[in-house]
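Lettering follows sequence order; numbering is per chain, from 1.
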Number of protein chains: 2
Amino acid sequence: MTLHESNSQEARSGASRCRLLPLPGQGSVAELLRLMGLDCVPTATDGSAISASLWRVRRHTVLFHEGARSDCLYVVRSGSFKCVKTLEDGYEQVLGLAQVGELLGFESLHGGRQPSAAVALEESTVYVLPARELRDPQRRGPLLDAALHHALVDKLMRAAETAEMMSAVASDVRLARFLLWLSERMGQAGQSRRRLSLHMGRRDIASLLGVAHETVSRSFTTLSDCGYIRVDIRDVEILDFDGLRARARTTRGHSGNPDSDAVRSASVRGRGPEVATPGPPRGGRSSLPDPGALAAA
Amino acid sequence: MTLHESNSQEARSGASRCRLLPLPGQGSVAELLRLMGLDCVPTATDGSAISASLWRVRRHTVLFHEGARSDCLYVVRSGSFKCVKTLEDGYEQVLGLAQVGELLGFESLHGGRQPSAAVALEESTVYVLPARELRDPQRRGPLLDAALHHALVDKLMRAAETAEMMSAVASDVRLARFLLWLSERMGQAGQSRRRLSLHMGRRDIASLLGVAHETVSRSFTTLSDCGYIRVDIRDVEILDFDGLRARARTTRGHSGNPDSDAVRSASVRGRGPEVATPGPPRGGRSSLPDPGALAAA
DNA sequence: CGCGGAGTTGAAGCGTTTCAAACGGGGTGG
DNA sequence: CCACCCCGTTTGAAACGCTTCAACTCCGCG
């Protein structure tokens with residue numbers, strides 16, 4: 001794989017989008033593969049014939065628009081993005097964030113249009129891979145192929161986490177989960193888990209969490225009053241991880257004290273799915289219809 | 001690729017879990033690849049060395065448990081599943097549905113544990129692929145490789161749709177979006193778009209939508225009173241698609257006059273994302289914020 | 001037949017939304 | 001340089017909608 005050295009890219013994009021600057025001579029193929037989750041480091045040539053580019057994206061600029069027929073797959077190298085969908089009435093729905101190592105614009109792999117726009121929350125850089133070439137298994141070498149697989153599965157797992165985050169009930173619980181989720185992300189990216197830079201306004205956070213932006217503001221002060229966090233507009237410091245985690249675990253029920261709980265719970269008793277081992281008493285027993293079985297082939 | 005012919009599966013699984021029945025001689029490799037989204041039909045042999053199985057899963061039984069170290073990837077062949085996470089207090093959080101053609105247990109591709117359990121909502125059949133073999137690009141032939149790619153991207157797109165569905169504000173809007181989303185899914189699977197079988201109780205729908213189950217019940221009667229749908233417990237008929245769609249479009253904030261604050265719309269003006277054409281003056285290059293450091297790879 | 005679960009509906013409590021106002025910072029223009 | 005304005009943030013107060021608790025019906029099942 002060759003790291004594309006600017007040129008044609010710059011030519012293609014008229015003056016109207018020079019905000020996406022190619023950064024010649026900056027990145028490396030090894031870094032790209034590592035970003036995508038590949039453990040092993042490529043020795044020299046991996047045999048792939050993909051021409052990747054490295055772009056710079058200024059904060060608050062769009063990487064691609066909603067509905068755009070972008071034919072590129074992006075890998076976030078630094079910074080972060082929000083994926084937003086603008087509804088008919090002008091309301092901006094934030095559907096998720098993409099941070100270092102995450103894929104953006106994967107819909108282009110199917111040749112479709114982008115369902116949402118991607119906007120940089122901060123100064124960011126992305127690797128740009130032409131989807132046309134990427135769709136051909138021949139042109140992706142084995143390394144890029146494995147990396148793409150890994151990145152896709154990883155993105156899928158992050159999407160599931162996002163869903164879990166948004167499934168909270170109370171607004172401050174949602175915010176607590178969001179902060180812990182962000183903290184985890186920052187930690188994985190090698191940054192501090194305690195000090196967070198949100199890079200988003202209350203309105204964006206509110207949209208992502210599905211509440212009014214005033215409610216987000218109130219939830220911030222609530223968590224702050226509890227001593228869990230210290231808030232300075234867009235900079236948050238987590239003071240009490242355990243407290244914050246306890247709050248994040250709160251489910252359908254009261255929001256005041258996470259401790260004074262009885263066994264009432266929404267309860268799962270009774271007719272639930274016929275949990276493993278319908279025969280013998282609910283004893284331990286290993287779970288699962290051991291799928292290892294079919295490996296016997 | 002060979003379609004595994006039962007045997008060992010039945011033997012190993014005691015009477016306690018015979019609910020997962022292999023179905024010898026039923027499926028076909030062509031069907032599996034088609035399910036995963038591959039357009040072209042495999043001619044004869046595709047060169048892959050994966051041993052797939054076909055299992056039957058009875059309704060209300062679990063395909064795999066939360067936290068299980070399943071080493072299999074599943075492809076839904078018929079029926080549907082819910083992905084649930086059981087919280088500490090026993091509350092069951094439904095995180096999503098998996099319908100015909102969708103992947104289940106993709107976390108096994110990374111060797112991790114399942115973050116949620118999968119429970120059949122109805123009589124279902126799944127193809128079972130050993131993740132151990134699947135992780136080896138050599139053993140997946142080009143066809144299965146392409147199919148896996150397609151299925152991963154497809155699942156990713158469906159996850160985004162789910163997030164969008166759950167981002168609604170009002171409960172009846174959520175329900176409207178859910179029904180339309182389900183209708184679309186059923187249509188894509190070749191079934192009726194008008195007549196839906198939910199196969200879930202109100203409690204599960206409520207968990208998926210993030211509201212109380214009584215609220216779901218009320219929302220059903222609301223939509224029914226509007227004449228949009230006809231409800232018979234778990235069978236729903238959509239009577240007025242346009243009306244239901246209009247209700248589903250309802251968002252937070254100004255729904256009355258889209259023109260009153262026409263210019264305001266978060267889209268192009270003011271501080272919003274500096275949409276297109278910041279102009280050449282923005283000037284070239286300048287240094288990377290920070291990541292330049294890690295480019296040293 | 002009676003039990004238990006699912007679904008529906010009603011009434012009350014309360015959290016969130018909405019409307020409104022005030023504060024503060026960052027930018028522009030005088 | 002300061003004033004001013006815009007916008008994001010915060011906080012308050014009232015209205016709404018959802019949640020919760022409760023009662024009731026329907027249905028399957030032992």
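- Using a 4.0 Å heavy-atom cutoff across all strands shown, A:V211 reaches sugar-phosphate atoms only and no base atom.
- Rounded to a whole Å, the CZ atom of B:R202 is 15 Å from the C1' atom of D:dT25.
- Once rounded to the nearest 0.5 Å, the distance linking CZ of A:F241 with CG of A:L179 reads 10.0 Å.
- Between the NE2 atom of A:H60 and the P atom of D:dC7 there is a distance of 14 Å, given to the nearest Å.
- The pair B:E237-B:R195 meets the salt-bridge criterion, since a charged nitrogen lies less than 4.0 angstrom from a carboxylate oxygen.
- Here C:dC19 presents its P atom at 10 Å from CD of A:E214, a figure rounded to the nearest Å.
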So A:W55 and A:R77, side-chain contact (heavy atoms from CB on, under 4.5 Å) or not? Walk me through it.
CA-CA 9 Å; A:W55 284 4; A:R77 175 179 176 259; over 6 Å; no
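- Note on B:R218: every side-chain N or O is 4.0 Å or more away from OP1 and OP2 of D:dC18.
- Look at NE2 on B:H199: it is 13 Å from P on C:dG7, rounded to the nearest Å.
- Contact annotation: B:T215 does not reach the phosphate of D:dC18 (side-chain N/O to OP1 or OP2, under 4.0 Å).
- Between A:L121 atom CG and D:dG8 atom C1' the separation is 16 Å, expressed in whole Å.
- Salt bridge absent: B:E92 and B:R203 never bring a charged side-chain N and a carboxylate O closer than 4.0 Å.
- For the pair A:S217 and D:dT9, the criterion of a side-chain N or O lying under 4.0 Å from OP1 or OP2 is not met.
- When the P atom of D:dC7 is taken as reference, atom CZ of A:R203 falls 10 Å away, rounded to whole Å.
- Looking at the side chain of B:R252, the nearest of the listed nucleotides C:dT17, C:dT16, C:dT9 is C:dT17.
- Per the geometry, CG belonging to A:D172 stands 10 Å off P belonging to C:dG15, to the nearest Å.
- As a whole-Å value, the separation of B:L198 CG from C:dG7 P is 10 Å.
- A:R234 comes within contact range of the sugar-phosphate backbone alone, with a heavy-atom separation under 4.0 Å but no base atom that close.
- With respect to A:R247 and A:D172, a salt bridge is recorded, a charged nitrogen being found less than 4.0 Å from a carboxylate O.
- If you check D:dC18, D:dT9, C:dT17 against the side chain of A:I233, the one that comes closest is D:dT9.
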